[in-house]
There are 2 protein chains.
Amino acid sequence: MKRKSSHPTLSDVAQRAGVGTTTVSRVINGGKRVSPKTLARIRAIIDQIGYTPNQAARILKGERTRTIGLVIPSIADSFFASCAEAAQRITRAHDSMLVVAVTGNDPHVEMENINALMRHRADGLLLAPANSQNEALAAFLERTPIPVVCIDRPVTHSGVASVGIDNFKGARIAVEHLVGHGYRRILCLGGETTLYTIRERLRGYRQAMTAAGLEPMEDMSVKDYKSAEHAIESHLAATAPPDAIFTVKNSTTIYAFETLQKMRVDIPKTVALLGFDDFELAATLRPSISVVQQPIEDIGRTAAELLFTQLPAEQPQGSSRAKRPAPARKTGPVRLEPLLVLRESCGCARAAL
Amino acid sequence: MKRKSSHPTLSDVAQRAGVGTTTVSRVINGGKRVSPKTLARIRAIIDQIGYTPNQAARILKGERTRTIGLVIPSIADSFFASCAEAAQRITRAHDSMLVVAVTGNDPHVEMENINALMRHRADGLLLAPANSQNEALAAFLERTPIPVVCIDRPVTHSGVASVGIDNFKGARIAVEHLVGHGYRRILCLGGETTLYTIRERLRGYRQAMTAAGLEPMEDMSVKDYKSAEHAIESHLAATAPPDAIFTVKNSTTIYAFETLQKMRVDIPKTVALLGFDDFELAATLRPSISVVQQPIEDIGRTAAELLFTQLPAEQPQGSSRAKRPAPARKTGPVRLEPLLVLRESCGCARAAL
DNA sequence: CTGTTAGCGCATTCAT
DNA sequence: ATGAATGCGCTAACAG
């Protein structure tokens with residue numbers, strides 16, 4: 001293998017070709033106004049020494065970085081992974097790159113990531129804020145010169161656009177459905193009550209319970225399989241055990257299902273189960289699991305499209321950049337519709353197999 | 001909301017503070033050699049106008065970009081998502097960002113992504129090559145000035161390091177296990193035979209079958225649920241139907257399970273099932289699915305660590321960069337061990353519940 | 001068609 | 001403790 005030095009530069013190419021840097025610059029920008037002969041020669045040299053233009057220098061000249069930052073809690077979470085995939089498609093269609101930064105829902109890490117993206121001069125940001133009440137974040141968003149669109153959760157006290165579903169409504173219709181089945185003691189199970197989405201779902205649960213004249217039963221202590229197991233076991237052993245469980249998130253639903261199955265509890269006869277957020281194989285488990293489904297792809301796509309809408313128009317020619325005024329940012333929150341997907345675990349008839 | 005102009009610069013800050021740019025530069029780089037008074041004043045101004053250093057300018061000065069590129073087929077695929085998550089952790093620990101680019105297994109898109117990352121002067125690349133035989137890629141990798149580590153699949157004809165599992169062995173021990181159960185007509189089911197990993201698994205299957213004196217039965221036509229259903233239905237309707245199915249990848253395993261369940265075929269009595277690659281809920285399905293498990297986290301982590309090993313040493317002080325010689329790149333392929341996880345679908349006794 | 005030159009924002013000598 | 005000047009790689013005026 002040959003020894004490799006560091007990146008070649010424009011003038012490296014120019015020197016070898018015995019031409020000026022301008023000519024080489026023209027070649028890498030389409031090759032207009034260059035004689036076919038020198039064009040070919042320079043291209044050959046570029047290829048030979050493996051020259052790649054230094055984006056940093058272009059950025060310094062005021063060009064867009066063609067980079068969008070995506071700041072999310074986790075990339076292994078299927079919700080955010082799907083969002084990312086959808087956003088990535090839109091980003092690509094706009095000839096830009098998506099830079100994914102992971103926060104683990106830690107506001108400190110989040111701010112660090114955002115700062116890094118700002119230093120890299122991302123053209124725009126897609127953000128699933130760890131904490132919707134984060135005032136430092138809100139302050140930052142008010143003054144940042146680039147457009148930002150929130151995903152899944154909004155940032156209160158800020159005029160930033162956001163795209164997500166109506167979590168309150170999703171929970172409400174889910175619980176109303178359980179009530180319609182005749183369940184009276186409906187347990188709401190979950191965790192991470194600091195998250196906006198969870199709080200909204202909890203609010204929807206309470207609203208539906210109260211409206212039905214039922215008393216809310218909440219256990220928001222679930223963090224992992226172990227805590228879910230503990231919670232369910234103790235609730236089922238109580239004098240007035242729940243006859244249905246509404247789980248507020250993906251992972252909780254799965255933990256609950258596993259625990260109930262392990263305890264040999266009949267679903268839905270003994271306890272019905274309805275979860276927020278769909279997941280792979282939800283339809284394949286026995287019984288299949290009824291869920292509130294989010295249009296995840298739509299969320300990622302819509303958010304990214306909205307962001308590009310807020311970006312300064314593409315400069316067809318090199319209009320020297322000056323201070324471009326930030327485009328209007330007054331988009332209100334976009335609320336997509338949750339969808340109640342009825343399968344077996346809530347007590348609905350088994351779908352045709 | 002206040003009107004936002006474009007990014008403030010160092011000299012914007014200097015002007016407002018009535019000092020030189022050098023002083024401001026010192027402030028943002030730790031604030032040494034600046035009087036406490038001006039330090040505080042400048043910091044206040046920085047905060048007030050929301051100044052962020054322009055990374056591009058620093059890069060131009062020769063600094064590392066502190067950016068690692070991750071080029072993968074998909075981000076929604078749980079395998080690559082977990083790899084990404086693990087790699088992201090390592091990257092963060094090295095105070096760098098991970099830039100994720102998605103190829104959809106298209107070599108053309110892949111090359112475009114790599115070029116974009118090169119323009120952005122990523123410090124290094126983690127790559128799951130769409131096509132291991134891609135000679136253009138191999139040629140590129142030979143001449144690129146930055147270190148590259150392949151994930152999951154190697155690039156043949158290149159000295160590039162790679163981290164993955166021994167797919168051949170994984171498939172072999174899986175099939176040997178099925179043979180041990182007494183199955184004779186073991187069908188190998190899957191698709192995407194252009195992928196290196198699939199080919200290796202197929203090779204392992206054939207080897208194990210031949211070694212056992214059995215005749216290989218292969219159907220590599222599965223692309224989606226529909227084709228899986230079609231394949232399985234026709235194989236089961238044949239005169240000599242399979243008594244076991246070995247699925248070469250994640251999604252195929254799930255399709256096969258769903259189809260068999262829909263057809264009311266008893267697993268494992270009528271047909272046993274063993275898949276390559278574990279998945280969430282594999283242990284929760286009834287019957288639970290036996291699989292060959294990959295140490296996914298290890299793969300992502302090891303690859304990222306290996307990459308940082310190959311990066312030039314951290315420059316403690318601003319040692320002017322000159323042409324740093326590329327560090328040694330002679331790392332051979334790292335092959336982690338696949339793990340056979342026995343559950344019920346292969347005919348093993350039900351684990352204690 | 002092609003070359004010369006002047007910055008873009010910043011860190012870094014070298015002066016003061 | 002501070003500042004003026006220089007150059008990183010590149011593009012865009014502006015010559016020739």
Side-chain angles (χ1 to χ4, degrees), chain A residues 6-42 46 49 51-66 118-121 145 315-324, chain B residues 5-15 17-42 46 49 51-66 118-121 145 315-324:
Chain A
S6 115
H7 297 274
T9 75
L10 233 202
S11 63
D12 286 344
V13 178
Q15 270 190 296
R16 297 219 188 193
V19 300
T21 59
T22 312
T23 305
V24 180
S25 174
R26 286 193 183 107
V27 170
I28 63 178
N29 288 302
K32 293 298 168 201
R33 302 175 170 273
V34 178
S35 78
K37 206 170 134 186
T38 39
L39 184 93
R41 186 158 47 94
I42 291 175
I46 286 176
I49 71 175
Y51 167 75
T52 320
N54 188 333
Q55 188 70 14
R58 289 178 165 175
I59 293 169
L60 215 47
K61 296 293 289 183
E63 279 192 18
R64 296 243 299 259
T65 58
R66 311 209 79 80
M118 293 305 293
R119 282 196 299 273
H120 281 279
R121 292 293 186 266
Q315 289 131 327
Q317 286 298 333
S319 72
S320 85
R321 51 82 185 257
K323 303 278 181 189
R324 36 178 172 189
Chain B
S5 54
S6 117
H7 296 274
T9 73
L10 232 202
S11 63
D12 286 343
V13 178
Q15 270 189 297
V19 300
T21 58
T22 313
T23 306
V24 180
S25 175
R26 287 191 183 110
V27 170
I28 62 178
N29 288 302
K32 292 300 168 200
R33 300 174 173 276
V34 179
S35 78
K37 207 171 133 186
T38 40
L39 184 93
R41 186 158 48 93
I42 292 175
I46 286 176
I49 71 176
Y51 166 75
T52 322
N54 188 334
Q55 188 70 16
R58 291 179 165 176
I59 294 169
L60 214 47
K61 296 293 289 184
E63 281 191 17
R64 296 244 299 259
T65 58
R66 312 209 75 84
M118 293 305 293
R119 282 196 300 274
H120 282 278
R121 293 294 186 265
Q315 287 130 329
Q317 286 297 332
S319 72
S320 87
R321 53 81 184 258
K323 304 280 183 191
R324 35 175 183 214

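The model shown is predicted, which means the values in this text are computed figures rather than measured ones. A, B, ... follow the sequence lines: proteins, then strands. Residue 1 opens every chain.
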Taking for A:Val24 and for B:Val19 the nucleotide of DNA chain D with the nearest heavy atom, the one nearer the 5' end belongs to B:Val19
Here the distance between atom P of C:dC10 and atom CD1 of B:Ile46, to the nearest Å, is 10 Å
Quick check: does any side chain N or O of A:Arg41 sit under 3.5 Å from a backbone N or O of A:Ala17, one acting as donor and the other as acceptor? yes
Closer to the 5' end of DNA chain D via nearest nucleotide, is it B:Thr21 or B:Ala57? B:Thr21
Return the set of residues passing side-chain contact (heavy atoms from CB on, under 4.5 Å) with B:Ile28 (not counting sequence neighbours), or none when no residue passes. B:Ile46, B:Tyr51, B:Pro53, B:Arg58
Taking the side chain as C-beta and beyond, is there a heavy-atom pair between A:Arg121 and B:Thr52 under 4.5 Å? yes
Among the nucleotides D:dT2, D:dC10, C:dA11, whichever has the atom closest to the side chain of B:Leu10 is C:dA11
Determine whether a donor-acceptor pair (one donor, one acceptor, N or O, separation below 3.5 Å) exists between the side chain of B:Lys61 and the base of C:dG9. no
Ignoring hydrogens, what is the shortest heavy-atom contact between B:Arg64 and B:Gln55? Give both atom names and the distance. O-NE2, 4.0 Å
Would you tabulate the nitrogen or oxygen pairs shorter than 3.5 Å linking the protein to nucleotides 14-16 of chain C?
none

Go through the steps to decide whether A:Val19 and A:Ile42 satisfy the test side-chain contact (heavy atoms from CB on, under 4.5 Å), and finish with yes or no. CA-CA 9 Å; A:Val19 300; A:Ile42 291 175; 3.9 Å; yes
Once you round it to whole Å, what is the distance between P of C:dA11 and CG of B:Asn29? 5 Å
To the nearest 10 degrees, what angle separates the axes at the start and end of the helix from C:dC1-D:dG16 to C:dT16-D:dA1, five pairs each? 40°
Looking at A:Ser25, does any N or O in its side chain come under 4.0 Å of the phosphate oxygens OP1/OP2 on D:dT11? yes
Could you pick out which residue, A:Val34 or B:Tyr51, lies toward the 5' side of DNA chain C when each is mapped onto its nearest nucleotide? A:Val34
Return the value, rounded to whole Å, for the distance between atom CD1 of B:Ile59 and atom C1' of C:dC8. 14 Å
Non-hydrogen side-chain atoms of A:Arg16 and A:Ile49 separated by less than 4.5 Å: yes
Output the rounded distance in Å from CG (B:Leu60) to C1' (D:dT6). 13 Å
Residues passing the side chain to side chain donor-acceptor pair (under 3.5 Å) test with B:Thr22, sequence neighbours excluded, are none
For A:Ser25, is there any backbone N or O sitting under 3.5 Å from a side-chain donor or acceptor partner on A:Asn29? yes
note: B:Arg121, atom CZ; D:dC10, atom P; distance rounded to Å ~ 7 Å
Nearest to the B:Ile28 side chain among D:dA1, C:dC1, C:dA11, which nucleotide is it? C:dA11
According to a strict under-4.0 Å criterion, is A:Thr22 in side-chain N/O contact with OP1 or OP2 of C:dT2? no
A:Arg58 side chain near D:dT11 phosphate (N/O to OP1/OP2, under 4.0 Å): yes
Between D:dG3, C:dC10, D:dT11, which nucleotide gets closest to the side-chain atoms of B:Pro53? C:dC10
From D:dT2, D:dG9, C:dC10, pick the nucleotide closest to the side chain of B:Ser35? D:dT2
Qualifying residues under side chain to side chain donor-acceptor pair (under 3.5 Å), relative to A:Thr65, sequence neighbours excluded: A:Asp123
Integer-rounded Å distance: C:dT2 C1' and A:Lys32 NZ: 17 Å
Of the candidates C:dT12, D:dG7, D:dT2, the side chain of B:Thr38 sits closest to D:dT2
Taking D:dC10, C:dC10, D:dT2 as options, the one with an atom nearest any side-chain atom of B:Thr9 is C:dC10
Between P of C:dG9 and CZ of A:Arg119, the distance in whole Å: 18 Å
Rounded distance (Å) that lies between atom C1' of C:dT2 and atom CG of A:Leu39: 13 Å
Sequence neighbours left out, what passes side chain to side chain donor-acceptor pair (under 3.5 Å) with B:Thr21? Give chain and number order. none
For C:dG3, does OP1 or OP2 lie under 4.0 Å from any side-chain N or O of A:Thr23? yes
N/O donor-acceptor pair under 3.5 Å between B:Ser11 side chain and B:Ala14 backbone: no
